[in-house]
Amino acid sequence: MKSGVVAVQGDVSEHVSTLQAAIDRCRPGGHAVTVRSIKDIESVESLIIPGGESTTISKLLVRFGIFDAIVRRAEEGMPVMGTCAGCILMAKKGDEQVGRTHTKLLGLMDMKVDRNFFGRQRESFESHLSIDGISGDFSGIFIRAPAITEVWGDCRSLSRLDDKIVMARQGSMMALAFHPELSGSTVLHEAFLSL
Ligand code: GLN
């Protein structure tokens, strides 16, 4: 079993190590790998899109020729988890800044994001989150984080902070406004692997 982390920009190595730790706990023998090409995309059974800078990641997905392949495999049912910048890219709709920067979104989840919502308030912070389906609090690390401002269709909110949605799920896809790979816990990566 191989699970991939898109490795064009951003928080890649932390995701790979947290994902590998989660795999060792619940899917022993599997591997966390980096993904940069169509061949890589075809070889994984699930995919994480990390945090970083959403405009840059989006442009590089197009430049590396993997943008459409990610959309296709996700539409075929491959589990995908987008965190922070990755969360922005999962959305069908973005805010005015996404429009102004012509950031091409993957458009996989029925949700709208405000790209720098928490970033405008406070650059980065940690907050305890209560997450549907996860026992106990999860310590969410927010870095210039987006908020999910609207969900519709089959997309469901799993966690809120200050009345804003910070985690959502739609079928086998998840979007997290924060950085689960920096919290020292493998719980959300394990939840992702169980999708
Ligand atoms: N707000 C950033 C963006 O627009 C994302 C920040 C992050 O991934 N830590 O891309």
Side-chain angles (χ1 to χ4, degrees), residues 5-22 25 32 47-58 60 80-101 103 105-106 108-151 155-170 173-193 195:
V5 179
V6 170
V8 296
Q9 193 256 342
D11 220 4
V12 177
S13 59
E14 292 84 354
H15 261 302
V16 172
S17 52
T18 311
L19 182 59
Q20 186 63 57
R25 286 173 71 100
L47 191 66
I48 291 175
I49 304 170
E53 213 276 327
S54 51
T55 305
T56 307
I57 295 178
S58 175
L60 291 173
V80 183
M81 173 165 84
T83 66
C84 207
C87 166
I88 297 167
L89 296 178
M90 295 297 280
K92 286 205 171 139
K93 288 189 191 168
D95 62 350
E96 168 274 327
Q97 195 190 356
V98 169
R100 187 161 31 82
T101 53
T103 303
L105 304 178
L106 292 164
L108 296 170
M109 293 176 68
D110 295 337
M111 59 185 201
K112 180 172 180 186
V113 289
D114 184 331
R115 178 176 168 172
N116 279 311
F117 182 83
F118 290 105
R120 275 197 297 267
Q121 298 180 330
R122 302 173 268 176
E123 274 289 289
S124 68
F125 59 95
E126 189 167 353
S127 179
H128 289 289
L129 301 173
S130 138
I131 297 174
D132 286 3
I134 302 289
S135 62
D137 274 0
F138 187 87
S139 170
I141 295 176
F142 293 77
I143 303 171
R144 292 175 292 104
I148 299 165
T149 50
E150 231 182 287
V151 293
C155 188
R156 300 277 174 268
S157 161
L158 295 182
S159 185
R160 285 177 185 266
L161 177 66
D162 300 346
D163 258 10
K164 291 287 173 230
I165 299 170
V166 292
M167 180 168 172
R169 175 175 172 190
Q170 182 171 342
M173 291 179 284
M174 279 168 45
L176 285 62
F178 50 96
H179 286 260
E181 76 287 6
L182 299 179
S183 67
S185 163
T186 57
V187 166
L188 294 185
H189 286 72
E190 289 176 45
F192 168 62
L193 290 170
L195 290 178

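Numbers here simply count residues along the sequence, with the first being 1. Note that this is a predicted model, so its numbers are computed, not measured.
- Closest of all the heavy-atom pairs between I148 and V166 is CD1-C, 4.4 Å.
- With a 4.5 Å cut-off on side-chain heavy atoms, F192 and V80 do not count as touching.
- Checked by atom type, the side-chain pair S185/S183 shows no donor-acceptor distance below 3.5 Å.
- If you take CE on M173 and CG on L47, they are separated by 12.0 Å, rounding to the nearest 0.5 Å.
- Using a 4.5 Å cut-off on side-chain heavy atoms (C-beta onward), I143 and L182 make contact.
- Remark: side-chain polar atoms of S58 are not paired, donor with acceptor, to backbone N or O of T103 under 3.5 angstrom.
- The backbone N or O of K112 sits nowhere less than 3.5 Å from a side-chain atom of E150 that would complete a donor-acceptor pair.
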Might you work through the side-chain contact (heavy atoms from CB on, under 4.5 Å) test for L188 and L176, ending with a clear yes or no?
CA-CA 10 Å; L188 294 185; L176 285 62; 3.8 Å; yes
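- Listed here is the closest heavy atom pair of S159 and S130: OG-O, 3.0 Å.
- One N or O on the side chain of D95 and one on the backbone of V98 form a donor-acceptor pair closer than 3.5 Å.
- Remark: the S139 side chain and the E126 side chain contain an N/O donor-acceptor pair separated by less than 3.5 Å.
- Salt bridge R144/E53: absent, no basic N to carboxylate O contact under 4.0 Å.
- Centroid-to-centroid, the aromatic rings of H189 and H15 come within less than 6.0 Å.
- Taken to the nearest 0.5 Å, the OG atom of S157 stands 10.5 Å off from the CD1 atom of I131.
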Between F178 and I141, does a side-chain contact (heavy atoms from CB on, under 4.5 Å) hold up when you go through it step by step?
CA-CA 5 Å; F178 50 96; I141 295 176; 5.6 Å; no
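- With contacts defined as side-chain heavy-atom distances shorter than 4.5 Å, the pair L195/M81 does not qualify.
- Scanning both residues, G51 and C84, for their nearest heavy atoms gives CA-CB, 4.0 Å.
- Of all non-hydrogen atoms in S54 and L89, the two that sit nearest each other are O-CD2, 3.8 Å.
- Residues L106 and I49 form a side-chain contact, since some pair of their non-hydrogen atoms from C-beta on lies under 4.5 Å apart.
- Comment: D110 engages K92 in a salt bridge, judged by a side-chain N to carboxylate O separation of less than 4.0 angstrom.
- Atom CD of residue E123 and atom CG of residue N116 lie 8.5 Å apart, to the nearest 0.5 angstrom.
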Determine whether D137 and L129 satisfy the following criterion, side-chain contact (heavy atoms from CB on, under 4.5 Å), listing intermediate values before the conclusion.
CA-CA 5 Å; D137 274 0; L129 301 173; over 6 Å; no
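- I48 is listed as a side-chain neighbour of L19, based on a closest heavy-atom distance under 4.5 Å.
- Closest of all the heavy-atom pairs between M90 and M111 is CB-CE, 3.9 Å.
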Please assess V113 against T149 for the test side-chain contact (heavy atoms from CB on, under 4.5 Å), listing each intermediate value before the final yes or no.
CA-CA 5 Å; V113 289; T149 50; 5.8 Å; no
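- Separation of atoms CG (L158) and CE (M167) is listed at 5.0 Å; rounding is to 0.5 Å.
- There is a side-chain donor-acceptor pair under 3.5 Å between R115 and T55.
- Here the closest non-hydrogen pair linking L161 and F125 is CD2-CE1, 3.7 Å.
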